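Just so it is clear: chains get the letters A, B, ... in the order the sequence lines come, proteins before strands, and each one is counted from 1. Only heavy atoms go into these numbers, but all of them, side chains included; no hydrogens, no water, no symmetry mates. Keep in mind it's a predicted model, so treat the numbers as computed, not measured.
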Amino acid sequence: MREMDSYIARSLWQDRMFACLGVLCTVFGLAALCALLVKLALDGASRIDWQFFFSYPSRHASRAGILSAWVGTLVVMSVTFCTAIPLGIAAGIYLEEYARKNWLTHIIEVNIANLAGVPSIIFGLMALGLLVYLLHLGQSVLAAGLTLGFLVLPIVIVATREALRAIPTEIREASYALGASKWQTVWHHLLPYASGGIATGVIIAMSRAIGETAPLITIGALTFIAFLPPSPVSPSPPFLSLDWLHSAFTVLPIQMFNWVSRPQQEFHLNAAATGLVLIVFTLSLNALAIIIRYRMRRRIKW
Amino acid sequence: MADKLSRATLVKPSSRMAAKAHLEPVENLFMNPEAAPAGHVCKASVRNLNFFYGNNQVLKSVSLDFYQNRVTALIGPSGCGKTTLLRCFNRMHDLYPHTRYEGEIILYPDGINIIHPDTNPLEMRLRIGMVFQKPNPFPKSIFENVAFGLRLRGVRGSLLQDKVEAALNAAALWEETKDRLRESAYKLSGGQQQRLCIARALAADPEILLFDEPTSALDPVATARIEELIISLKSRVTIIIVTHNMQQAGRLSDFTGFLYLGELIEFDRTATMFTTPAHPMTQDYLTGRFG
């Protein structure tokens with residue numbers, strides 16, 4: 001009996017030790033993150049007002065703002081969204097539902113997973129060669145949006161495939177057995193049932209793209225932009241214009257990078273405020289992803 | 001046939017003569033669609049059907065007939081190929097790679113060969129409905145579940161409403177669901193879900209309805225309701241049911257085919273097969289000596 005007692009005591013001690021270690025590790029990670037956020041908030045909060053949101057960058061730190069940066073982020077993101085999302089979802093559907101399962105699709109599969117892990121600056125180099133030099137898109141909104149699109153495409157493809165794979169075979173068979181074609185099955189069943197997973201993947205992809213700086217600097221994004229891209233709508237015919245695609249741009253992280261690299265302390269406050277805006281942007285996107293996932297899980301249970 | 005008889009001799013040499021004597025009338029019954037038993041119209045004829053998963057032959061020269069407005073049960077131990085045979089009828093195997101059909105499944109009255117490569121699987125699935133082992137409603141509303149097959153056929157508006165109601169009625173589910181058609185099908189019980197799946201398959205008026213062990217995931221009460229339903233559906237559709245439950249085959253079916261290791265060992269009227277099986281293996285299976 002005594003032997004067993006000591007054995008149990010040792011097990012319990014090990015248990016407790018690991019619990020303590022786990023708490024320490026968790027606290028360490030969270031504390032570092034919190035300290036970062038709190039520092040950012042303390043530094044930046046004082047700069048956040050209407051003036052900051054609606055002013056162009058300036059030589060005077062107190063008059064500078066992030067108008068061109070957040071508008072730039074919005075337009076670049078819209079290009080990324082409009083290119084990467086349809087391409088990624090379509091590719092995901094093709095690979096999961098249409099492609100024959102052979103060695104070629106297997107190689108493609110593995111490489112898409114690899115692409116998701118390629119450093120973003122490599123995508124920047126590729127975009128510089130392809131979009132800027134070969135296709136002469138210049139340092140434009142279009143080039144930036146496409147660059148970030150390439151970057152997040154694998155994330156969208158992988159998320160789409162995972163979401164489709166989570167749908168049980170019986171559901172597919174039920175649809176096919178009623179005489180539905182492949183496309184009818186995809187359109188009426190698989191896409192709606194996978195939409196939660198796909199939406200989550202899309203939002204994660206967008207929140208990745210929103211914070212990317214390196215590939216945009218690689219393609220030569222300007223850091224000082226004191227104008228907005230031309231409006232997509234005009235009062236005279238043809239009313240719609242795509243000139244904004246070819247406009248020069250800056251985005252929030254580049255604006256932040258610009259201010260951080262200046263020697264004056266006041267600009268660092270601007271950078272902190274920009275960082276705060278960027279973090280709020282990203283966190284709200286992630287929160288949206290979680291809400292969507294939760295609601296979808298509640299609606300559809302397999 | 002010769003092959004099948006020699007197989008019987010291998011299994012039980014002593015009963016060879018008896019088996020052969022009993023097989024003669026059985027053979028006439030199922031090898032000649034024109035010579036269907038009195039009052040029976042042939043709906044589908046399987047002829048020398050071979051089926052392969054890769055190099056693995058799962059069905060070996062299977063031949064039998066299915067009669068209109070009759071319930072035919074396919075029985076046999078696990079892995080005997082009964083579900084594989086069932087899934088040939090609506091070309092479900094086409095969904096998966098490395099599958100191959102040989103032979104014929106002729107669908108009457110038009111005489112089309114279901115498994116011919118030129119036959120469009122979609123057409124066969126529009127004409128032949130299927131109910132699966134596990135209830136598999138779509139995660140949509142009860143109404144939308146039944147309506148999907150109709151929508152595929154272009155049914156719209158009030159006709160769609162009427163047909164959904166008719167199908168739910170036919171599946172004995174209307175009274176329970178008429179006030180909750182917009183609710184998710186997942187809120188129904190297992191038995192109700194399976195009846196919903198039957199309604200879904202019935203909605204588009206299939207010529208044949210395939211049941212793949214439709215009650216194996218259900219409790220006895222739900223099972224009894226499904227069985228009642230299947231018998232009541234006989235008047236409007238030809239039914240083929242795979243079951244591993246011999247009592248169920250006995251209760252439901254007019255004809256029974258017994259498969260073993262991919263071969264059809266015996267096919268006969270259920271009453272005949274269950275009382276005086278022609279083949280010793282059928283007898284062994286029915287009496288529970290293997291399976």
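No close placement of the A/His188 and B/Phe138 rings is indicated, their centers lying 6.0 Å or farther apart.
Looking at B/Tyr96, only its side chain comes within 4.5 Å of chain A, counting heavy atoms on both sides. Contacts between A/Thr169 and chain B at a heavy-atom distance below 4.5 Å involve the side chain alone, from C-beta outward. Only the side chain of B/Leu95 comes within less than 4.5 Å of a heavy atom of chain A; its backbone N, CA, C and O stay farther away. Heavy atoms closer than 4.5 Å to chain A are found nowhere in B/Arg127, neither backbone nor side chain.
Looking only at side-chain heavy atoms (C-beta outward), A/Pro168 and B/Asn136 stay at 4.5 Å or farther from each other.
Within a 6.0 Å sphere centred on CZ of A/Phe81, other residues, nucleotides and ligands contribute 12 heavy atoms or fewer. Residue-environment remark: CG (B/Asn56) exceeds the threshold of 12 foreign heavy atoms within 6.0 Å. Heavy-atom contacts from other residues, nucleotides or ligands closer than 6.0 Å to NZ of B/Lys187 number 12 or fewer. The number of heavy atoms from other shown groups lying within 6.0 Å of NZ (B/Lys234) is above 12.
Here B/Met92 is the residue among B/Met124, B/Arg91, B/Glu123, B/Met92 with the most heavy-atom pairs under 4.5 Å with chain A. Ranked by non-hydrogen atom pairs under 4.5 Å with chain A, the options B/Val131, B/Leu126, B/Leu152, B/Leu210 are led by B/Leu152.
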So B/Phe132 and A/Glu170, side-chain contact (heavy atoms from CB on, under 4.5 Å) or not? Walk me through it.
-> CA-CA 8 Å; B/Phe132 294 81; A/Glu170 293 89 61; over 6 Å; no
Test side-chain contact (heavy atoms from CB on, under 4.5 Å) on A/Leu178 and B/Arg125 and set out the steps.
-> CA-CA 6 Å; A/Leu178 287 167; B/Arg125 294 177 198 146; over 6 Å; no
Is there a side-chain contact (heavy atoms from CB on, under 4.5 Å) between A/Tyr193 and B/Lys140 once you walk through the steps?
-> CA-CA 9 Å; A/Tyr193 310 155; B/Lys140 294 183 182 245; 3.2 Å; yes
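Residue A/Gly179 comes nearest to B/Leu122 through the heavy atom pair O-CD2, 3.9 Å, listed as atom of the first residue, atom of the second, then distance.
Between B/Arg87 and A/Glu173 there is a salt bridge, with a side-chain nitrogen of the basic residue lying less than 4.0 Å from a carboxylate oxygen of the acidic one.
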